[in-house]
Student: 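One structure is given below, represented as structure tokens, and several questions about it will come after.
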Amino acid sequence: MCLWHGRSGRRGDRPMVEHDPSARPGDAGHPEPGRPEPGQPEPGHGEDVRFKDLPPEERLFRQRHSAAHVLAEAVLEMFPEGKYAIGPPVDNGFYYDFDLPRTLTPDDLVALEKRMRESVKRNLPIHGEQIAKERAREIFRDQPYKLELIEGIEEDTVGYFRHGDFQDLCRGGHTETTGQLGAFKLDRVAGAYWRGDEKNPMLQRVYGLLFPNKQELAAYLELREEAEKRDHRRLGRELDLFHLDPIAPGSPFWHPKGTVLYNGLVDYIRELYEVYGYREVITPQLFGADLWKTSGHYQNFGEDMFLFTTGDAEDGEEIGVKPMNCPGHCHYFASGHHSYRELPLRLAEFTRLHRNERSGVLHGLTRVRSFAQDDAHIFCTPEQFESEVFGVFTFIERVYDELGLGAPEIRLGTRPEKFAGDPGDWVEAERLLGEAVTNAGKTFTLSPGEGAFYGPKLEFHFKDAIGRSWQLGTVQVDMSMPASFDLTYVGEDGQEHRPLMLHRAVLGSLERFLGVYIEHTGGHFPLWLAPVQAVVIPIADRHVDYAQRVRSRLRERGLRVEVDEGADRMGAKIRKAQLQKVPYMLVVGDREEEAEAASVRDRTGDDLGAMPLFQISDRMVDERDSRSVQAR
RNA sequence: GCCGCUGUAGCUCAGAGGUAGAGCAGCUGUUUCGUAAACAGCAGGUCGUGGGUUCAAUUCCCACCGGCGGCUCCA
């Protein structure tokens with residue numbers, strides 16, 4: 001697949017913490033079509049429904065929004081010359097952007113929070129009304145950002161809210177007073193471009209957290225701590241899975257243990273390729289720039305590619321390192337004649353891809369420059385389209401289920417601003433994708449503008465163990481490359497036809513998937529993936545020989561087993577294995593040696609008692625071969 | 001790329017304008033032990049890199065390079 005996450009997939013790459021199951025999708029500032037505008041300005045305030053009678057999510061939305069105002073009030077008190085821009089409610093809280101004479105420090109946040117609490121204590125009424133644009137321009141004459149916002153509003157009037165001496169241009173949706181804010185905490189300050197455009201000035205964004213009560217705020221902070229403990233960068237080091245080094249930014253070094261995981265996943269997907277009728281290929285890493293010009297990537301994403309010229313600059317050849325497999329696969333398809341009888345042709349490839357992601361966006365394994373995907377492209381006839389889409393999500397659902405990720409949530413990404421092809425075809429393709437989902441008895445939600453530049457797509461999202469949502473798999477319709485590469489097949493009628501092309505990935509980038517999966521499991525990998533499946537722990541030196549025999553017996557069954565021969569006491573060895581999250585610890589002493597057995601402890605800490613070796617290996621082999629994902 | 005923060009031993013972190021410390025990990029020795037840390041010793045750092053200020057810089061300043069948090073949620 002060609003999902004270029006540097007652009008269209010950005011939102012999906014970021015974990016969105018969704019701790020509040022009752023939260024509406026649009027609540028967190030993700031505008032959803034059809035969502036009622038939250039609280040229009042209410043001129044006659046008293047006629048409105050009482051704040052306390054509103055639905056909980058509306059109350060929270062308003063609390064967060066009002067908190068943003070109270071924050072702006074505090075900042076403007078501190079910096080009377082300050083300019084304020086926008087301050088919406090977001091996931092977990094709110095923010096406000098400012099243009100200030102100096103940079104805010106962590107100490108400032110403490111002071112600001114104190115001022116905010118004073119404002120809350122004063123419990124000032126918040127008034128909202130519609131005013132003429134003319135008047136708004138007068139009120140905000142010293143506020144360039146507000147003036148710019150006013151110009152962007154189509155109506156003749158604009159929303160105007162105030163409490164105490166603070167006033168703001170605002171669409172509304174507020175609490176009745178500043179005393180109704182709930183539990184909040186200023187979180188951090190970060191840079192943000194005015195209107196998110198890097199050509200605009202950089203503003204200072206103050207983020208705050210806000211929940212209905214202290215308990216929920218504390219729960220969120222705990223969740224965050226839990227997330228920190230599971231951070232794949234931390235576990236990657238602690239479990240000796242991989243490391244990153246400035247010598248190759250964004251390019252993981254997979255250690256032996258991480259490589260077991262990596263290859264385990266590849267082997268697994270490869271096995272399923274047999275089941276689902278895919279054929280694997282290996283295409284070049286380096287291509288002449290012409291290929292990327294044909295595919296359109298050179299023009300659209302050249303900046304994000306590693307391009308270089310061989311030899312000297314004048315008569316050297318321009319080369320592009322492959323950032324994705326699709327053009328290579330199209331080139332393969334075009335290299336021979338194809339009959340309709342060969343279709344659908346499902347071409348898979350695991351080779352490495354490189355994308356020149358900007359340095360600031362690199363992040364552990366989830367945003368890298370060097371990675372591989374469980375990538376495939378399906379070339380098919382229009383008649384085969386729906387069953388192919390269906391086949392992909394059968395595949396995806398099976399994998400998510402077997403990996404213990406649960407049922408995916410499906411989203412349909414529609415035409416983005418920058419797109420290739422005919423808008424009419426887009427509408428048709430979006431409709432067909434949607435139908436394929438509903439005909440399969442599934443539901444989907446719309447992600448407007450989130451399609452790839454060459455076609456609409458289905459995204460498969462999963463929610464991890466601590467409630468964060470991640471996009472993994474995808475199916476994308478390509479309405480551009482078959483024509484760009486002039487792909488054809490000979491139909492039943494003896495005529496040449498243009499095949500349809502689908503891009504699809506089940507896990508997506510294996511690097512990114514592993515990052516997500518490490519966090520989901522907290523490093524407690526199912527036995528079949530665990531880099532070390534059991535550690536044999538001899539109680540005293542005289543048991544080492546027997547421990548090694550135990551290891552050999554298990555290795556004969558293809559199990560990955562180590563012996564801890566160190567001078568540590570048994571307790572310390574158990575602790576070590578436990579921290580390494582090894583599924584089984586096999587303690588052997590005099591009693592076990594006598595009985596050709598081992599005492600089995602699993603990583604939950606359960607002592608399963610002494611078991612004969614054959615029984616241990618049978619049990620482990622069963623667990624491995626069934627790819628059991630039971631949490632342990 | 002841009003904004004902010006940050007960079008001291010493999011890891012977690014302390015420190016100060018006068019030449020660097022702890023715990024864990026490592027190594028060696030002693031201990032031979034029954035389900036989450038035995039004891040002792042040793043070794044380990046041009047304090048991210050390059051400039052500048054200073055009698056003296058790891059510490060102050062500048063630049064660069066990494067890392068971390070942000071950067072479409074438009075009143």
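Everything numeric here is computed off the predicted structure, so don't read it as measured data. Naming convention: chains lettered A, B, ... in sequence-line order (proteins, then strands); numbering from 1 in each chain.
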Student: Under 6.0 Å from the ring centre and within 45 degrees of the ring axis: does the NZ or CZ of R237(A) meet both conditions for the six-membered ring of F242(A)?
Tutor: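 Because its charged atom misses either the 6.0 Å distance or the 45° angle limit, R237(A) does not stack over F242(A).
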
Student: On a whole-Å scale, what distance lies between the C1' atoms belonging to rC13(B) and rA20(B)?
Tutor: 14 Å

Student: Establish whether the base of rG34(B) is bridged to the side chain of E592(A) by a donor-acceptor pair shorter than 3.5 Å.
Tutor: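 It does, because a donor-acceptor pair links the side chain of E592(A) to the base of rG34(B) below 3.5 Å.
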
Student: Working note: E73(A) + E77(A), criterion side chain to side chain contact (heavy atoms under 4.5 Å, CB included); need CA distance, chi angles, decisive distance, verdict.
Tutor: CA-CA 6 Å; E73(A) 174 194 13; E77(A) 269 174 32; 3.7 Å; yes

Student: Would you say I126(A) and H65(A) make side-chain contact, with heavy atoms under 4.5 Å?
Tutor: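 SC-SC contact between I126(A) and H65(A) ruled out.
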
Student: Starting the side chain at C-beta, find the nucleotide from rU12(B), rG1(B), rC74(B) nearest to V361(A).
Tutor: rG1(B)

Student: For rU53(B) and rU12(B), measure between their C1' atoms and round to the nearest Å.
Tutor: 34 Å

Student: Would you give a per-nucleotide map of nucleotides 26-33 of chain B, 5' to 3', where B means the base has a protein non-hydrogen atom under 4.0 Å away, S means only the sugar-phosphate does, and - means neither?
Tutor: -----BBB

Student: Side chain to side chain contact (heavy atoms under 4.5 Å, CB included) between R512(A) and F371(A): does it pass, once the steps are laid out?
Tutor: CA-CA 8 Å; R512(A) 181 163 179 282; F371(A) 60 102; over 6 Å; no

Student: Looking just at side-chain N and O atoms, do H232(A) and E519(A) make a donor-acceptor pair shorter than 3.5 Å?
Tutor: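 Yes - a donor-acceptor pair under 3.5 Å links their side chains.
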
Student: Does R59(A) use its side chain to pair, donor to acceptor, with the backbone of L54(A) at less than 3.5 Å?
Tutor: yes

Student: Can you check side chain to side chain donor-acceptor pair (under 3.5 Å) on E459(A) and H461(A), steps first, answer last?
Tutor: CA-CA 6 Å; E459(A) 299 174 349; H461(A) 294 252; 2.7 Å; yes

Student: What residues form a salt bridge (charged side-chain N to carboxylate O under 4.0 Å, His left out) with R137(A), not counting sequence neighbours?
Tutor: E134(A), E151(A)

Student: Look at the side chain of R171(A) and decide which nucleotide, out of rC74(B), rC71(B), rG66(B), has an atom nearest to it.
Tutor: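 Looking only at side-chain atoms, R171(A) lies closest to rC74(B).
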
Student: Only stems of 3 or more consecutive Watson-Crick or G-U pairs count here, both distances under 3.5 Å; name the ones for RNA chain B, or none.
Tutor: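 Detected stem regions: B:1-7 with B:65-71, B:10-13 with B:21-24, B:26-30 with B:38-42, B:48-52 with B:60-64.
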
Student: How many angstroms lie between atom CD of E226(A) and atom CG of D231(A), to the nearest 0.5 angstrom?
Tutor: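 Spacing of CD (E226(A)) from CG (D231(A)) equals 11.5 Å.
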
Student: With P as the reference atom in both, quote the distance from rU59(B) to rG51(B) in angstrom, rounded to an integer.
Tutor: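 Pairwise P distance, rU59(B) against rG51(B), rounds to 13 Å.
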
Student: Tell me if the side-chain of Y193(A) makes a donor-acceptor pair with the base of rG1(B), cut-off 3.5 Å, by modelled atom types.
Tutor: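 Yes, a donor-acceptor pair under 3.5 Å.
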
Student: Please identify each residue that fulfils salt bridge (charged side-chain N to carboxylate O under 4.0 Å, His left out) with E155(A), with sequence neighbours left out.
Tutor: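 Partners of E155(A) by the salt bridge (charged side-chain N to carboxylate O under 4.0 Å, His left out) criterion come out as none, since no residue qualifies.
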
Student: Tell me, please, which residues at least two apart from E565(A) pass salt bridge (charged side-chain N to carboxylate O under 4.0 Å, His left out).
Tutor: none

Student: With the side chain of L362(A) defined as its heavy atoms from C-beta on, choose the nearest nucleotide among rA36(B), rG67(B), rG34(B).
Tutor: rG67(B)

Student: What N/O pairs connect the protein and nucleotides 44-49 of chain B at under 3.5 Å? Give each pair on its own line.
Tutor:
none

